[in-house]
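No experiment lies behind these values; they were computed from the predicted model shown.
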Amino acid sequence: MPDSYRPDEVEARWQARWAERGTNQPDLDHPARPFYNLMMFPYPSAEGLHVGNMFAFTGSDVYGRFKRLQGYDVFEPIGYDAFGIHSENYAIKVGLHPADLIPRNIANFRRQLERIGGMFDWRHALSTTDPDYYKWTQWIFVQLLKAGKAYKKKAGVNWCPTCKTVLANEQVEGGLCERCKTPVEQRFLEQWFFRITEYADRLLRNLDTLDWSDTTRTAQRNWLGRSEGGELVFEVPAIGESITVFTTRPDTVFGATFMVLAPEHPLVAKLTAPEQRAEVEAYVTAAAGRDLVSRKVGEREKTGVFIGAHAVNPATGRPVPVWIADYVLMEYGTGAIMAVPGHDERDFEFATKFGLDIVRVLAGEGESAGASLEHAVVEADGFRMVNSGRFDGMPAEEAKRAITEWLAGQGRGRPVVQFRLHDWCISRQRYWGPPIPVIYCDACGAVPVPEQDLPVLLPAIEDFRPDDSGLSPLARHEEWYFAPCPTCGKRGRRETDVSDTFLDSAWYYLRYPSTEFHDRPFDPARTRTWCPVTAYIGGNEHAVLHLLYSRFLAMVLHDLGHLDFEEPFTRFRAHGLIVKDGAKMSKSRGNVVIPDDYIAQWGADTFRMYLMFLGPLQEGGDFRDAGINGPRRFLDRVWVLVREAEDGGGEIRRDLVTRWHATKKKCAEDIEGLHYNTAIAAMMELVNHMREAGCRDRQMVADLIVMLAPFAPHFSEECWERLGHAGSVFEARWPAWDDALAVSDQVELPVQVNGKTRSRVHVPRNATEQAAVAAAQADPAVRRFTAGKEVRKVIYVANRLVNLVIG
RNA sequence: GCUCGGGUGGCGAAACUGGUAGACGCAAGGGACUUAAAAUCCCUUGGGGGGAAACCCCUGUGAGAGUUCGAGCCUCUCCCCGAGCACCA
């Protein structure tokens with residue numbers, strides 16, 4: 001009977017055994033060494049998991065299995081991020097109800113996730129659409145509302161006319177809806193916000209303490225956008241008002257020759273002179289009609305209108321004209337700027353177009369105060385003050401503080417730190433999400449739904465399509481819409497908006513360990529045992545929003561006494577993106593590769609190894625199936641090796657012992673650093689050498705199987721059993737290595753002459769310089785180059801090289 | 001424009017703190033086995049040149065300069081690709 005490796009049989013057998021034996025179910029209450037291995041949960045699309053998802057999940061799963069082999073109790077849960085516009089739009093497109101569609105997709109996802117052999121604890125699977133889950137999403141909203149961290153305000157918001165909903169600023173990409181690419185418009189709606197800006201400083205500071213990829217931390221830092229500067233006050237004596245501006249360049253205040261307000265600035269109406277009113281109002285109306293976004297993108301031609309008022313520059317005492325222009329944004333700083341055309345590109349452009357004064361107040365080395373400006377000079381470093389009264393000659397960097405202090409002394413300024421971050425708008429005028437648990441009462445105002453009445457169930461309605469009203473479809477259902485006020489019992493109206501999907505995913509890691517508790521969102525003991533998450537792996541596309549919102553929520557829950565930590569993810573690594581033909585996989589591009597056929601043909605283990613062997617996990621790459629037979633051939637060879645090891649034997653040469661120990665060490669280090677491709681390569685090398693040496697040592701083969709187990713779990717289980725072990729290979733421990741045996745006692749030393757390698761000599765490890773150089777100089781190939789020449793210098797790096805410098 | 005990555009054989013990629021560039025794998029070519037093919041096994045494979053051969057020489061990590069005994073790696077200038085941000089004062 002031919003004994004060949006049949007992945008379909010092996011994989012089916014072990015998946016059944018894992019389920020039967022509860023192999024992947026750690027003791028959640030009394031783990032000896034808990035390790036929470038988290039991967040970002042997927043949105044269950046209709047197409048199923050594509051190879052990009054498989055790459056990410058396998059990458060995380062390999063790490064979890066490795067930690068388990070190191071003796072940790074690894075909890076590796078999975079779930080579905082199934083609420084949201086994604087699902088709803090798709091349901092509308094195919095004419096189905098999301099409540100019907102989503103369970104189907106989830107079933108398909110689960111089938112795929114089981115097939116790939118993830119070490120998931122299925123007892124704790126969750127979906128954000130489950131009332132037992134979103135009950136607690138609503139509970140979190142209530143906690144924030146009670147704590148004053150949630151508030152409602154009417155705000156100019158981004159409105160997507162196709163999705164018919166509000167988008168967070170973060171969900172607008174280059175003026176287009178990130179989902180459907182429609183140009184975004186501006187609308188004024190009442191929206192719920194979370195006060196994430198109150199935490200900006202803490203979100204920034206804590207970044208330094210986290211074991212995260214630098215790229216991710218940098219992205220968050222940039223998103224938070226901290227800048228130091230000052231608020232300066234410009235009086236408008238004619239009407240007894242003042243305009244406060246934020247600037248990062250107080251050093252240039254002497255060059256502020258005009259001011260610009262955002263068209264929405266509250267002082268515009270009051271400051272506008274009668275003769276300018278018609279023109280100003282026309283401009284304001286036009287700006288309001290244009291969305292927030294086309295103001296930020298597209299043509300950058302500056303527009304603006306003089307409003308007929310003058311303010312006083314607090315530094316020079318001179319009057320400066322006040323303009324409005326849409327390049328000044330109400331949402332950042334104070335919505336007003338002092339314009340310094342000499343030292344700001346935008347102001348320079350504006351001044352040039354409208355013929356406003358341009359004054360130089362900074363001069364570089366050797367530049368005169370009167371030198372004309374061809375363009376704005378925006379640097380400060382290395383520049384000194386000119387045309388700035390008593391500050392002339394002072395370095396600009398120093399003047400930033402000096403001028404702020406000087407103006408502060410007159411009550412006309414103060415140092416200020418600004419963040420780019422805005423409060424988090426969580427309202428969505430859509431159907432497929434958790435209803436925001438608030439009831440409006442004419443007498444009592446906005447009242448949170450009492451906790452014992454949660455969840456506010458999302459009603460099953462057929463007409464869930466959004467319309468242009470700006471109201472959620474739920475508002476059309478009176479039987480749901482009207483509800484008694486929890487405080488006074490009179491008829492009230494429910495909040496009809498649902499919450500942002502990012503709120504669902506901002507706390508899911510807290511729910512996993514506690515899914516069986518129905519009376520609390522997360523059990524305190526379980527949470528203490530398992531949280532914060534030990535290792536988190538996910539996509540860079542969530543490096544900013546999802547991670548930032550999760551961190552914010554953890555901080556709030558910590559401050560409210562619900563958590564004893566404030567950073568949810570101790571270690572985070574971003575995996576790379578798998579692209580196809582250079583483009584991200586997406587249905588619209590038609591380049592989505594579904595892994596099912598590959599798995600059917602090659603087996604899950606081969607496919608896993610292939611994905612992990614493509615390149616470093618953190619880099620991703622272009623998917624092409626060429627080369628998948630490489631890992632398969634490797635597994636076939638190991639299969640044979642295991643069979644032959646039953647007969648045992650073969651001499652273990654000393655060089656093989658070295659390689660054996662070196663491989664155990666290298667694989668452990670590489671896997672820890674997520675360099676899976678080189679870990680696999682090291683195992684391949686070991687196998688090549690064993691075959692070459694005719695070695696079939698049982699212990700060596702057994703060690704190899706354990707090292708292979710994170711990558712090819714079913715295969716390794718089968719081999720482990722064939723080697724005579726009763727239990728799961730995951731009950732084994734990562735094979736120990738001996739550092740002394742992991743290095744050979746002889747080393748090959750390259751010998752260079754004038755930096756060019758001319759020969760190699762073999763010397764004992766850690767040979768003395770004298771011995772190594774003697775060996776090098778005795779080498780005939782070296783002598784050809786050194787003969788008759790004087791060796792002027794000798795470089796010797798132990799176990800590395802000898803370099804002879806000759807004259 | 002700004003901020004991060006990245007550019008190494010035909011291809012995916014290795015290369016520790018500056019120390020033998022191309023490990024490992026794919027593909028390709030040659031050979032063994034076979035009636036034949038697949039599979040498997042063995043050999044060759046950055047480019048150029050020399051030698052009967054073991055081997056040897058030159059050259060080579062996007063381009064150019066620099067530091068160094070020595071640079072894929074460090075410094076400067078430039079080009080290209082990818083991602084994110086984008087009138088943020």
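- Here the C1' atom of nucleotide B/A54 and the CZ atom of A/Arg760 are 15 Å apart, to the nearest Å.
- Across the protein-nucleic acid pair, A/Asp779 atom CG and B/C56 atom C1' stand 13 Å apart, rounded to whole Å.
- In this structure, NZ in A/Lys756 is found 9.0 Å from CZ in A/Phe785, a value given to the nearest 0.5 Å.
- Within the 4.0 angstrom heavy-atom criterion, no nucleotide atom of any strand lies near A/Phe623.
- Comparing the C1' positions of B/A52 and B/G47 gives an interatomic distance of 25 Å, to the nearest angstrom.
- Scanning RNA chain B for stems, defined as runs of 3 or more consecutive Watson-Crick or G-U wobble pairs whose donor-acceptor distances all fall under 3.5 Å, gives the following ranges: B:1-7 with B:79-85, B:10-12 with B:24-26, B:28-32 with B:40-44, B:46-50 with B:55-59, B:62-66 with B:74-78.
- Summarising the geometry, the separation between CG on A/Leu801 and C1' on B/U68 is reported as 13 Å, rounded to the nearest angstrom.
- Toward the 5' end of RNA chain B, the nearer of the two residues A/Leu749 and A/Gly620, judged by each one's closest nucleotide, is A/Gly620.
- Straight-line distance between the P atoms of B/G19 and B/C74: roughly 11 Å, to the nearest whole Å.
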Which donor-acceptor pairs under 3.5 Å do side chains of residues 767-777 of chain A form with protein atoms, sequence neighbours excluded?
unit_1: A/Thr768; atom_1: OG1; unit_2: A/Ala771; atom_2: N; d: 3.1

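- For A/Arg226, the CZ atom counts as densely surrounded, since its 6.0 Å shell holds more than 12 non-hydrogen atoms of other residues, nucleotides or ligands.
- A/Glu619 comes within 4.0 angstrom of no nucleic acid atom, judged by non-hydrogen atoms across all strands.
- Separating the C1' atom of B/G82 from that of B/C87 is a span of 25 Å, rounded to the nearest Å.
- When distances are taken from the side chain of A/Asp326 to each of B/C87, B/U20, B/U3, the shortest belongs to B/C87.
- Distance check on atom C1': B/G46 versus B/G72 gives 15 Å, rounded to whole Å.
- Place A/Ile337 and A/Lys666 on RNA chain B by their nearest nucleotides, and A/Lys666 ends up nearer the 5' end.
- Within 4.0 Å (heavy atoms only), A/Asn803 reaches at least one base atom of the nucleic acid.
- Judged by distance alone, with hydrogens and angles left aside, the side-chain atoms of A/Asn799 form no donor-acceptor pair with the main-chain N or O of A/Arg765 at under 3.5 Å.
- Residue contacts shown for A/Arg691 are limited to sugar-phosphate atoms, with no base heavy atom under 4.0 Å away.
- Salt-bridge formation is not detected for the pair A/Asp211/A/Arg217: no Lys NZ or Arg NE/NH1/NH2 atom is positioned less than 4.0 Å from an Asp or Glu carboxylate oxygen.
- Going from atom CD of A/Glu231 over to atom C1' of B/A89 covers 12 Å, rounded to whole Å.
- Here, B/A71 and B/A15 have their C1' atoms 13 Å apart, quoted to the whole Å.
- Of the listed nucleotides (B/C42, B/A89, B/C56), B/C56 has the atom at the smallest distance from the side chain of A/Arg784.
- Base contact: A/Ile795 has a heavy atom under 4.0 Å from a base atom.
- Because its glycosidic torsion is more than 90° from 0, B/G84 is reported here as anti.
- The side chain of A/Trp223 lies closest to B/C85, out of B/U20, B/C87, B/C85.
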Under 4.0 Å protein heavy-atom contact, by nucleotide of nucleotides 21-26 of chain B - B base, S sugar-phosphate only: --BBSS

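- Electrostatic pairing of A/Asp636 and A/Arg632 counts as a salt bridge here, judged by a charged N lying under 4.0 Å from a carboxylate O.
- Taking every side-chain heavy atom of A/Lys793 into account, B/C69 is the closest of B/C69, B/C58, B/A89.
- No more than 12 heavy-atom neighbours from other residues, nucleotides or ligands sit within 6.0 angstrom of CG on A/Asp381.
- Rounded to whole Å, the separation between the C1' atoms of B/G7 and B/G62 comes to 6 Å.
- Here A/Arg221 lies out of heavy-atom contact (under 4.0 Å) with every strand.
- A gap of 35 Å separates the C1' atoms of B/C16 and B/G29, to the nearest Å.
- Nucleotide B/C69 holds its P atom 10 Å from the CZ atom of A/Arg792, rounded to whole Å.
- Regarding A/Lys756, its NZ atom lies at a distance of 10 Å from the P atom of B/A71, rounded to whole Å.
- Remark: A/Arg551 qualifies as a cation-pi partner of A/Trp212 under the 6.0 Å distance and 45° angle criteria applied to the six-membered ring.
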Chi angles and distances behind the ring-ring contact (aromatic ring centres under 6.0 Å, His included) call for A/Trp424, A/Phe502: CA-CA 10 Å; A/Trp424 175 14; A/Phe502 275 110; 7.4 Å; no

Working for salt bridge (charged side-chain N to carboxylate O under 4.0 Å, His left out), residues A/Arg221 and A/Asp208: CA-CA 10 Å; A/Arg221 230 171 252 131; A/Asp208 297 331; 3.3 Å; yes

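- Rounded to whole Å, atom P of B/C41 lies 14 Å from atom CD of A/Glu692.
- For the C1' atoms, the distance from B/U20 to B/C73 is 16 Å, rounded to whole Å.
- OP1 or OP2 of B/C58 has at least one side-chain nitrogen or oxygen of A/Arg758 nearer than 4.0 Å.
- Screening A/Glu349, A/Lys302, A/Glu301 against A/Tyr327 for a side-chain contact (heavy atoms from CB on, under 4.5 Å) leaves a single residue, A/Lys302.
- Look at CZ on A/Arg632: it is 18 Å from P on B/A38, rounded to the nearest Å.
- Note: A/Tyr610 and A/Phe623 have perpendicular aromatic rings, judged against thresholds of 30 and 60 degrees for the angle between ring planes.
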